[in-house]
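Every chain is numbered from 1, with letters handed out A, B, ... down the list of sequences. FYI, side chains are in, hydrogens and waters are out, and symmetry mates aren't considered; it's all heavy atoms of this structure.
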Amino acid sequence: MTVQAPRGTQDLLPGTTEKWQFVERKITDLCRRFNYQEIRTPIFEHTELFQRGVGDTTDIVQREMYTFTDRGDRSITLRPEGTASVVRAFVQNKLYGSPTQPTKLYYFGPMFRYERPQQGRMRQFVQFGVEALGSKDPAIDAEIMSLAMSVYQELGLKSLKLVINSLGDTESRNNHREALINHFEPHKEELCADCQVRLTKNPLRVLDCKKDREHPAMATAPSILEYLNEESGEYFQKVQNYLDHMGIPYEVDKNLVRGLDYYNHTAFEIMSDADGFGAITTLCGGGRYNGLVEDLGGPETPGIGFALSVERLLMALDAEAVALNENSGVDCYFVSLGDKAQEEAVRLTYELRKAGIQIDKDYQERKLKAQFKTADRLHVKYVIVLGENELENNQVSVKDMESGEQQEVALCELVTYLIKALQGDKQDGK
RNA sequence: GCGAUCGUGGCGAAGUGGUUAACGCACCGGAUUGUGGUUCCGGCAUGCGUGGGUUCAAUUCCCACCGGUCGCCCCA
């Protein structure tokens, strides 16, 4: 057997890459409108960054990281997410010193997590993410969510659900944590094995357990929203007010918890309602992470961001049968007959390409008919034919593939003729 | 990491413990010495994920591994 791509990775082939390019262009354009600038960070980092940034107790750090020792005996990890790297770069390059704050950044690139692959979950996957560092204005929380929603909406998705929650500040979280432990402790034996561990480690996670969802204690569990202190409560209320003002529909889910340790205050997810989606419906996740910049050695700087999976975005587009008008292919095809003509065809094709014309030719030494078949399959607008007859007269035949009409054009006029013809088509809306 | 299920040409898909592994699509050639479609004719898997085992004989039975899919866990 020949060597295969490693488990959980995939090749993106022509036909699919056009879709990716289309989506990337759309997102880049959107970021420009929202004034977020691109940042590119390394694909691998010191392992310590993720242990400190993502959190030592998270599943990502504990069992999903691609970690190895390099030749210099350093522990290196392929990045499992983007926020830690962006914050590290923010601190290291002292972007907090820039006169324009908040610092609004976006990134695009592969992430790596060692998990059991299934649809919508690859070991290497591509995330688009956004971070706004340096503002604790609830309006920026709303802006971040509006940007995330815009990505999906502008690509034509309809079945979307924005779910938000507040995790509160440290004080609120500690109070809630205590209340949760007190609430569930009497029922500990009735909970699933995972939750028994969670109860002491991270009781918040018990709330979104799928197994114990029906347990009576779940319905009466203390909600984080009841434990928000005044400041946190007001903050959350303001975020909702801004969303209302912008006309962005959402629902509050008091059980929404995110898996990364660094989140506080605003947490949100965007999910797909579309049919044909399996167990994985979360398209995008994000939230506020005040304190993370300090944890990574920077000055006190609030932050908020989100990340979305491009693979899942494309799955959603597929599920809703959204057609992307990605443009690919060429406008012209050069058909030649005989060695002499081939020589001239090679030269002319190059000339046309240098003049900006999209054109291809045959490299299989195929018959005229077969070359035309290929041209037809490529949906070209014009076929240029060069045979013995044309060669003698220093001209080519240019065939309009739609009308079927054919015209003789002098070699020296071919470039201008084609440019004119293609421009004409464009104006006609072809 | 756990459970289930699947793996036959470029794609879809039949099939059987035993001579040349159906069929459809796609592709290539010809009928048509220089023009796209249709039709007709012909071609196209020395091999049935990989490696072992059982057997006189395995694509078919057994085992392991690899990979896909679905669910759980978790997440994007």
Side-chain angles (χ1 to χ4, degrees), chain A residues 1-10 13 15 54 58-64 79-83 109-129 148 151 192-195 197-198 202 205 208-211 256-260 268-272 276-287 305-316 333 335-338 341 362 364-391 396-406:
Chain A
M1 190 63 185
T2 46
V3 179
Q4 294 181 318
R7 184 164 212 199
T9 68
Q10 61 180 340
L13 304 175
V54 179
T58 59
D59 276 14
I60 290 180
V61 170
Q62 284 190 337
R63 39 193 274 233
E64 295 176 3
R79 63 182 184 194
E81 59 102 52
T83 302
M111 305 294 163
F112 306 84
R113 292 184 200 174
Y114 192 91
E115 292 182 272
R116 184 79 172 263
Q118 65 189 67
Q119 195 171 52
R121 195 175 69 187
M122 294 281 130
R123 288 182 174 179
Q124 175 178 332
F125 60 101
V126 175
Q127 278 192 340
F128 159 67
V151 169
C192 75
D194 286 332
C195 281
V197 179
R198 285 185 188 123
N202 190 352
R205 297 213 63 84
D208 68 347
C209 176
K210 272 131 196 140
K211 281 182 201 154
L256 175 68
V257 173
R258 310 243 60 247
L260 286 68
F268 70 96
E269 276 183 19
I270 297 173
M271 314 209 260
S272 172
F277 256 68
I280 293 170
T281 56
T282 302
L283 299 174
C284 169
F306 71 78
L308 66 83
S309 145
V310 178
E311 286 85 352
R312 288 185 191 176
L313 169 54
L314 287 162
M315 276 171 59
Y333 198 77
V335 168
S336 67
L337 290 157
D362 170 73
Q364 308 285 338
E365 298 176 358
R366 305 210 299 154
K367 298 276 170 55
L368 181 88
K369 190 185 171 107
Q371 292 190 47
F372 260 94
K373 214 170 165 183
T374 302
D376 193 46
R377 201 173 294 140
L378 289 171
H379 299 114
V380 301
K381 298 189 183 87
Y382 297 98
V383 169
I384 298 118
V385 183
L386 183 63
E388 300 298 323
N389 303 343
E390 287 86 356
L391 211 53
V396 292
S397 303
V398 177
K399 181 169 185 178
D400 182 325
M401 291 298 274
E402 199 176 330
S403 67
E405 283 166 28
Q406 194 160 309

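Residues A:L337 and A:E388 fail the side-chain proximity criterion, which asks for heavy atoms closer than 4.5 Å. Inter-residue side-chain proximity for A:L308 and A:V151 is flagged as met; some heavy-atom pair is nearer than 4.5 Å. Residues A:L283 and A:L313 have side chains not in contact (no heavy-atom distance under 4.5 Å, counting atoms from C-beta outward). Counting only heavy atoms from C-beta outward, the side chains of A:Q119 and A:E311 never approach each other to under 4.5 Å. A 4.5 Å side-chain heavy-atom check between A:L368 and A:V335 finds at least one atom pair inside the cut-off. Within the 4.5 Å cutoff, the side chain of A:D362 has heavy atoms near those of the A:Y333 side chain. For the pair A:K399/A:F372, a side-chain contact is recorded, criterion being any heavy-atom separation below 4.5 Å from C-beta on.
When Watson-Crick and G-U wobble pairs are counted only if both distances are under 3.5 Å, B:U33 pairs with no nucleotide at all. When both distances must be under 3.5 Å, the Watson-Crick or G-U wobble mate of B:G43 is B:C27. Across all strands shown, B:G3 is found opposite B:C70 as a Watson-Crick or G-U wobble partner, with both distances under 3.5 Å. Across all strands shown, B:A76 forms no Watson-Crick or G-U wobble pair with both key distances under 3.5 Å. When both pairing distances are held under 3.5 Å, B:A64 makes a Watson-Crick or G-U pair with B:U50.
Rounded to an integer number of Å, the gap from CZ of A:R123 to C1' of B:G67 is 11 Å. Rounded to whole Å, atom C1' of B:C75 lies 13 Å from atom CE of A:M271. Look at CD on A:Q118: it is 15 Å from P on B:G3, rounded to the nearest Å. A:Q364 places its CD atom 11 Å from the C1' atom of B:C28, with the value rounded to the nearest Å. A:K369 has its NZ atom 12 Å from the P atom of B:C28, to the nearest Å. As rounded to whole Å, 16 Å separates atom P of B:G36 from atom CG of A:L378. Rounded to an integer number of Å, the gap from CZ of A:R366 to C1' of B:G30 is 14 Å. Rounded to a whole Å, the NE2 atom of A:H379 is 11 Å from the P atom of B:G37.
A distance of about 15 Å separates the P atoms of B:U33 and B:G29, rounded to the whole Å. B:G47 and B:G15 have their P atoms separated by 24 Å, with the value rounded to a whole Å. One P atom belongs to B:C73, the other to B:C2, and the distance between them is 16 Å to the nearest Å. When the P atom is used for both B:G43 and B:C23, the distance is 11 Å, rounded to whole Å. Taking atom C1' in both B:G68 and B:C56, the straight-line distance is 36 Å, to the nearest Å. B:G24 and B:G71 have their P atoms separated by 36 Å, with the value rounded to a whole Å. Rounded to whole Å, the separation between the P atoms of B:U8 and B:G49 comes to 6 Å. Of the P atoms belonging to B:C63 and B:C6, the separation is 13 Å, rounded to the nearest Å.
Looking at heavy-atom distances under 4.0 Å, A:L313 makes no contact with the nucleic acid at all. Residue contacts for A:G8: at a heavy-atom cut-off of 4.0 Å it reaches the sugar-phosphate backbone alone, with no base atom in range. Within the 4.0 angstrom heavy-atom criterion, only backbone atoms of the sugar-phosphate kind lie near A:K367; the bases stay farther away. Using a 4.0 Å heavy-atom criterion, one finds that A:G120 contacts the bases of the nucleic acid, with or without backbone contacts as well. Among the atoms of the strands shown, base atoms are found under 4.0 Å from some heavy atom of A:E115. At a threshold of 4.0 angstrom between heavy atoms, the contacts of A:A375 with the nucleic acid are absent. A:M111 comes within 4.0 angstrom of no nucleic acid atom, judged by non-hydrogen atoms across all strands. Within the nucleic acid shown, A:R377 comes within 4.0 Å of sugar-phosphate atoms alone, with no base atom in reach, counting heavy atoms only. Using a 4.0 Å heavy-atom criterion, one finds that A:E388 contacts the bases of the nucleic acid, with or without backbone contacts as well. At the heavy-atom level, A:E81 lies nowhere under 4.0 Å from the strands shown.
Under a cutoff of 6.0 Å and an axis angle of 45°, A:R123 and A:Y114 form a cation-pi pair.
Side-chain atoms of A:D376 and base atoms of B:G37 include no donor and acceptor less than 3.5 Å apart. Judged by distance alone with a 3.5 Å cut-off, no donor-acceptor contact links the side chain of A:Q371 to the base of B:U35. The base of B:A76 sits within donor-acceptor range of the side chain of A:R113, with an N or O pair under 3.5 Å.
Considering only side-chain atoms of A:E390, the nucleotide from B:C66, B:C73, B:G34 that sits closest is B:G34. Comparing B:C75, B:G30, B:A4 against the side chain of A:R116 picks out B:A4 as the nearest. Closest to the A:A370 side chain, of the nucleotides B:G29, B:U69, B:U35, is B:G29. For A:K373, counting side-chain heavy atoms from C-beta on, the closest listed nucleotide (B:A76, B:G36, B:G34) is B:G36. Distance from the side chain of A:V385 is smallest for B:G34 among the nucleotides B:A76, B:G34, B:U69.
Between the side chains of A:T9 and A:Q124, no donor N or O sits under 3.5 Å from an acceptor N or O.
Between A:G404 and A:V126, the residue anchored nearer the 5' end of RNA chain B, judged by the nucleotide with its closest heavy atom, is A:G404.
Regarding contacts with the backbone of B:G68, a side-chain N or O of A:R7 is found under 4.0 angstrom from either OP1 or OP2.
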